[in-house]
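Source: prediction; values computed, not measured. Note: hydrogens, waters and symmetry copies are ignored here, and every other heavy atom, side chains too, is used.
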Amino acid sequence: DLLMNMMNSYEPEVRWMLQVASCLGFRFDESSIVALASTTQAQNVFPRRDDIYKHIDVAMADGLLLKDGADTYRFSHDQIWLAAYSLIPEKERGAMHLQIGRKLHEELEQRKNTDLSLSTIVDQYNRGISAVAEHADELDIAELNLKAGEKALSALLFQPASTYLCAGVSLLKADDLDT
């Protein structure tokens with residue numbers, strides 16, 4: 001409760017950044033959070049991508065975030081990460097993950113941003129699958145899971161490969177297998 005009260009006392013921009021960062025995970029890369037700062041929802045909050053750094057600095061100054069490498073941040077404690085995630089109403093979490101996945105996927109395709117990871121995008125889609133309304137979108141996500149699974153297999157990362165491949169197969173219907 002103390003952490004929640006502290007986070008709720010921040011400006012909406014800082015809260016939004018913490019919420020989005022928490023969706024990305026305990027660790028998140030700079031390119032992902034900067035790409036998301038340009039979303040339609042965020043344009044009122046972050047009119048320019050450069051503004052995101054001000055809000056990251058606020059969270060870092062208060063000890064919520066730590067720099068974890070050249071272009072990676074992490075929450076300073078898992079309870080801070082969970083508190084930031086709990087700022088998002090539970091019924092909105094799936095839609096937020098789906099929106100993040102779509103925006104990062106769009107960024108990867110349009111700008112050929114090689115800093116964005118396919119696994120980050122697919123993880124967001126998988127966490128937001130409950131918000132997907134069209135089966136065609138599920139098929140697209142299944143295909144991305146296949147690509148992420150193949151990429152993980154080629155790197156001999158068997159557990160993530162299994163997770164992606166199983167997630168993709170779970171999105172298929174019986175008649176999808178005929179085509």
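- Between L18 and M7, the shortest heavy-atom distance links the atoms CD1-CG, 4.2 Å.
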Show which side-chain atoms of residues 137-145 pair as donor or acceptor with protein atoms under 3.5 Å away, not counting sequence neighbours.
{"unit_1": "D137", "atom_1": "OD2", "unit_2": "R102", "atom_2": "NH2", "d": "3.4"}
{"unit_1": "E138", "atom_1": "OE1", "unit_2": "H135", "atom_2": "ND1", "d": "2.8"}
{"unit_1": "N145", "atom_1": "OD1", "unit_2": "N126", "atom_2": "ND2", "d": "2.9"}
{"unit_1": "N145", "atom_1": "ND2", "unit_2": "N126", "atom_2": "OD1", "d": "2.9"}
{"unit_1": "N145", "atom_1": "ND2", "unit_2": "I141", "atom_2": "O", "d": "3.0"}

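- When the side chains of ILVMFWY residues are joined at heavy-atom separations under 4.5 Å, either directly or via intervening members, L146 and L156 end up in a single hydrophobic cluster.
- L165 and L118 end up in different hydrophobic clusters when Ile, Leu, Val, Met, Phe, Trp and Tyr side chains are linked at under 4.5 Å.
- Contact check for Q19 versus M96: side-chain heavy atoms found under the 4.5 Å cut-off.
- Here the side chains of H55 and W16 are not in contact, with every heavy-atom distance at 4.5 Å or above.
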- Task: Using the side chain to side chain contact (heavy atoms under 4.5 Å, CB included) rule, take L65 and M17 through it: C-alpha gap first, then chi angles, then the decisive distance, then the call.
- Result: CA-CA 11 Å; L65 296 177; M17 183 275 304; 4.0 Å; yes
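- Between D176 and K173, some side-chain heavy-atom pair lies under the 4.5 Å cut-off.
- Using a 4.5 Å cut-off between side-chain heavy atoms of Ile, Leu, Val, Met, Phe, Trp and Tyr, with links allowed through other members, Y85 and M4 fall into the same hydrophobic cluster.
- In this structure, the ring-ring contact (aromatic ring centres under 6.0 Å, His included) partners of Y73, at least two apart in sequence or on a different chain, are F28.
- L157 belongs to no hydrophobic cluster, as no Ile, Leu, Val, Met, Phe, Trp or Tyr side chain comes under 4.5 Å of its own.
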N/O donor-acceptor pairs under 3.5 Å from side chains in residues 147-155, not counting sequence neighbours:
{"unit_1": "S154", "atom_1": "OG", "unit_2": "K151", "atom_2": "O", "d": "2.7"}

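- Between the side chain of R74 and the main chain of F26, no donor-acceptor pair closer than 3.5 Å is present.
- Judged as a ring-ring contact (aromatic ring centres under 6.0 Å, His included), and not counting sequence neighbours, the contacts of Y125 are H105.
- Contact annotation: the side chain of S22 never approaches that of L87 to less than 4.5 Å [non-hydrogen atoms, C-beta and beyond].
- The same ILVMFWY cluster, assembled from side-chain heavy atoms under 4.5 Å apart, contains both V122 and I129.
- Closest approach of G25 to F75, counting heavy atoms only: O-CE1, 3.7 Å.
- Summarising the geometry, atom NE2 belonging to H97 is positioned 9.0 Å from atom OG belonging to S130; distances are rounded to the nearest 0.5 Å.
- Residue pairs meeting the salt bridge (Lys or Arg N to Asp or Glu O under 4.0 Å) criterion with at least one partner in residues 58-67, sequence neighbours excluded, are E30-K67.
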- Query: Would S32 and L104 count as a side chain to side chain contact (heavy atoms under 4.5 Å, CB included) if you check the C-alpha gap in whole Å, the side-chain angles of each, and the deciding distance to 0.1 Å?
  - Reply: CA-CA 7 Å; S32 295; L104 292 177; 4.2 Å; yes
